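These notes concern the structure reproduced below.
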Amino acid sequence: MTDTSDRGGPGSPIPDDADVMSRDMRWFTYATGLGVRVEAEAVPEPRPDTEVAPALPEAALGDRTPLPRGTTELLERAPYPHGRVGPPRERADALGHALVAGFGLQRREPENPFNDHRPYPSVRAKFPVQVLVRDGRHRRVLDLYRHALTGVGRQDGAAGPLEVALAGRYTRLPDSYRWFRSSLVGLELGVNLRQLCLGMELFGLSGRLRLPDRNAAGLLTDFGLTPEAEWSLPLTVALEDGGPPVAAAPAERAADPVLDGILTVNRAQDFTGPAAPLGPSVPAGLPRDGALSWAEVLWRRSAGRMPRGMYGMTGRRRPVPERTLREAVSWLSVPPPGPHLAAAWEELRLTAVFQGIEGHADGVWHLRDGRPTLHRARPGAAAELETHYGYPVTPYAGGDVRHASAVWFLSAHPRRLVDRLGPGGFTAAQYAAGWAAQGISLAAAATGLYARPARAFQEVPTRQLLGLDPDEMIVCAAITGTPRFEGLLCDLRL
């Protein structure tokens, strides 16, 4: 991530009163010149929030291949952070265990409106990103509630190399999110990519990542993901050299003007060049204390809790040891795989508000060269941030930012992204930010904190508080703190 201490910039190109649902699309238009209509009168009224796409693709009706059992027991024998399970004898079992480790159900919290919990977060627990596997002959989707890979799409042809794809469905999120679904799915693809890499790393699997090019829509057809206009282009990881050929697909248009605008952003990706080998997803320099297993860390991952069916999160303020900060910074030092995502990662700027962290003044900090640097001492900055958070504290919901130990912000200059990576750089930055946010989530789980990724902060006052440039976009944030409430946890692991 770049040092931006000398960055200046013109006045903000985005109207200060732009609503959160259209703001990112305006940033994209500013950065690329590819205009997208975001005026409310240009789009139909949203459907009720209960009317969303199903949890699995409609094509998921084929035969099931059971996933191996015992993943949790294997992870319990692997000390965090450097323990590894190693590859089982059968390659298919290794991938099955890796998928369960990365994405498997963890627990149910009876009082929580959003269940069931996995080792990574998702907007409203909708989990719009699907994990798909193909080997030439078969195409399957990860079906966690059946603990299986369920057939989708084509089931013919010769056996071929093994490949995992990640694709997000925009209509899995409610219509009320409008154009904002574009960024949210992009961020969740980055989160899911880190979880896939983590699961493969724990079980000794290697692979090569390919980002979407202009022909990637053919994969959606291959997997039976229809209507294609509701889906993002997939990220693919090949476990072996090569991969089944995919025919080019024509450019899509959606009848819904909101989805059509989202497609303009997503289909602007055209990342060429060879697939890049996966690097590590876990930082190498973490201390070995052996107190936790990987099973425990993944079980602990939480976005915060509330009692009695209430929404949101709340915490309690307490002093936090410096080790907790070092853990998070270490996870934030690991870039995503491949040159394109590494370049997007370098363009991200990381700023944080710290409170009560040993050896660090309360206030605004920048992360430079892997080290936090004080930008502005400002006691009460976390409480001020709470006034800019889109979910205020009410008798029915918690939006507790004032007690957070650290609130992390990832930001970027959209035009610099596009100048460096082309129009697809806008989406690549979301992948990179999602990758970073999941690193924060895992670091928090290992140190007894919750971590809540968020895009609900009002951009203009937050940017001013953090000292960001007027032409700088907040890509993602993560609120970390000590949970206030505990309750019954129902174990769902296999």
Side-chain angles (χ1 to χ4, degrees), residues 47 50-69 71 91-93 95-100 102-105 115-116 118 122 124-175 181 185 188-189 192 195-196 199 212 216-239 243-247 249-250 252 254-256 259 263 266 492 494:
R47 298 173 299 166
T50 53
E51 295 185 20
V52 296
L56 287 178
E58 288 89 340
L61 300 173
D63 294 337
R64 296 179 194 135
T65 301
L67 291 166
R69 294 182 176 268
T71 303
R91 190 175 183 83
D93 280 356
L95 179 58
H97 283 304
L99 296 179
V100 174
F103 305 102
L105 301 173
N115 275 304
D116 290 312
R118 308 185 192 186
S122 179
R124 292 194 178 192
K126 291 297 185 185
F127 300 102
V129 175
Q130 298 291 339
V131 182
L132 303 137
V133 179
R134 66 177 189 154
D135 60 5
R137 181 183 299 275
H138 303 290
R139 286 100 177 119
R140 297 188 172 99
V141 63
L142 181 62
D143 190 343
L144 291 174
Y145 284 95
R146 294 179 175 88
H147 199 67
L149 293 171
T150 297
V152 292
R154 294 175 52 233
Q155 304 293 326
D156 53 29
L162 194 59
E163 189 174 53
V164 180
L166 303 172
R169 191 172 193 177
Y170 300 111
T171 50
R172 179 66 184 151
L173 301 178
D175 274 10
R181 290 174 287 177
V185 167
E188 292 208 24
L189 280 162
N192 279 253
Q195 282 302 104
L196 175 59
L219 269 173
L220 300 177
T221 304
D222 194 58
F223 278 111
L225 302 181
T226 57
E228 287 92 345
E230 295 184 8
W231 291 85
S232 75
L233 297 178
L235 311 181
T236 56
V237 172
L239 276 70
V246 174
E252 306 118 286
D256 179 343
L259 279 179
L263 286 182
N266 187 255
L492 302 178
L494 292 171

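The chain is numbered in sequence order, starting from 1. Everything numeric in this text was worked out from a predicted model, so none of it was measured.
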Quiz prompt | For Leu61 against Thr150, the heavy-atom pair lying closest together | solution = N-CG2, 4.3 Å
Quiz item: Are side-chain heavy atoms of Arg118 and Leu105 found at a separation under 4.5 Å?
Solution: yes
Quiz item: Rounded to the nearest 0.5 Å, how far does CG of Leu233 lie from CG of Leu220?
Solution: 6.0 Å
Quiz item: side-chain hydrogen bond (donor to acceptor under 3.5 Å, both in side chains) with Asn192: which residues, sequence neighbours excluded?
Solution: none
Exercise. Please examine the side chains of Asp256 and Thr171, heavy atoms only from C-beta on, and report whether any two atoms are closer than 4.5 Å.
Key: no
Exercise. Identify the two heavy atoms, one from Leu166 and one from Phe103, that lie closest to each other, and give their separation to 0.1 Å.
Key: CD2-CZ, 4.4 Å
Self-check item: His147 side chain vs Pro68 backbone, donor-acceptor pair below 3.5 Å
Solution: yes
Quiz item: Between Gly168 and Leu189, what is the shortest heavy-atom contact and its length?
Solution: N-CD2, 4.1 Å
Practice problem: Return the minimal non-hydrogen interatomic distance between Ala98 and Gly199, and the atom names on each side. | Solution: CB-O, 3.4 Å
Quiz item: So among Gln130, Arg140, Arg139, which one has a side chain to side chain contact (heavy atoms under 4.5 Å, CB included) with Val152?
Solution: Arg139
Quiz item: Taking side chain as C-beta onward, heavy atoms only, is Pro161 less than 4.5 Å from Asp135?
Solution: no
Quiz prompt | From CG (Leu162) to CG (Leu239), nearest 0.5 Å | solution = 5.0 Å
Exercise. With sequence neighbours left out, write down each residue that passes side-chain contact (heavy atoms from CB on, under 4.5 Å) with Arg146, or none if nothing qualifies.
Key: Leu56, Arg64, Asp143, Ala148
Exercise. Would you please test Val133 and Glu163 for side chain to side chain contact (heavy atoms under 4.5 Å, CB included) and show each step?
Key: CA-CA 6 Å; Val133 179; Glu163 189 174 53; over 6 Å; no
Quiz prompt | Derivation and outcome, side chain to side chain contact (heavy atoms under 4.5 Å, CB included), residues Val100 and Leu142 | solution = CA-CA 9 Å; Val100 174; Leu142 181 62; 5.7 Å; no
Quiz prompt | Residues forming a side-chain contact (heavy atoms from CB on, under 4.5 Å) with Pro66, sequence neighbours excluded | solution = none
Self-check item: Ion pair check, Arg169 and Glu58, cut-off under 4.0 Å
Solution: yes
Exercise. Kindly write out the residues that satisfy side-chain hydrogen bond (donor to acceptor under 3.5 Å, both in side chains) with Asn115, not counting sequence neighbours, or none if the list is empty.
Key: His117
Quiz item: Considering residues at least two apart in sequence or located in another chain, which fulfil the side-chain contact (heavy atoms from CB on, under 4.5 Å) criterion with Asp63?
Solution: none
Self-check item: Separation between CG of Leu494 and CG of Leu144, rounded to the nearest 0.5 Å
Solution: 9.5 Å
Quiz item: Distance from Leu173 atom CG to Arg181 atom CZ, nearest 0.5 Å?
Solution: 7.5 Å
Exercise. Write down the atom of Asp116, the atom of Tyr145, and the distance for their closest heavy-atom approach.
Key: OD2-OH, 2.8 Å
Exercise. Rounded to the nearest 0.5 Å, what's the gap from CG on Leu149 to CZ on Arg134? Could you check?
Key: 15.0 Å
Exercise. Apply the test side chain to side chain contact (heavy atoms under 4.5 Å, CB included) to residues Val164 and Leu95: give CA-CA distance (whole Å), side-chain angles for both, the deciding distance (0.1 Å), then the verdict.
Key: CA-CA 9 Å; Val164 180; Leu95 179 58; 4.0 Å; yes
Quiz item: If we only count heavy atoms from C-beta on, is the Asp175 to Glu51 side-chain gap below 4.5 Å?
Solution: no
Quiz item: Atom OG in Ser232, atom CG in Leu263: separation rounded to 0.5 Å?
Solution: 10.0 Å
Exercise. Grab the two heavy atoms, one from Trp231 and one from Asn266, that are nearest each other, plus how far apart they are.
Key: O-OD1, 4.4 Å
Self-check item: Contacts of type side-chain contact (heavy atoms from CB on, under 4.5 Å), residue Val52, not counting sequence neighbours
Solution: Lys126, Arg172, Pro174
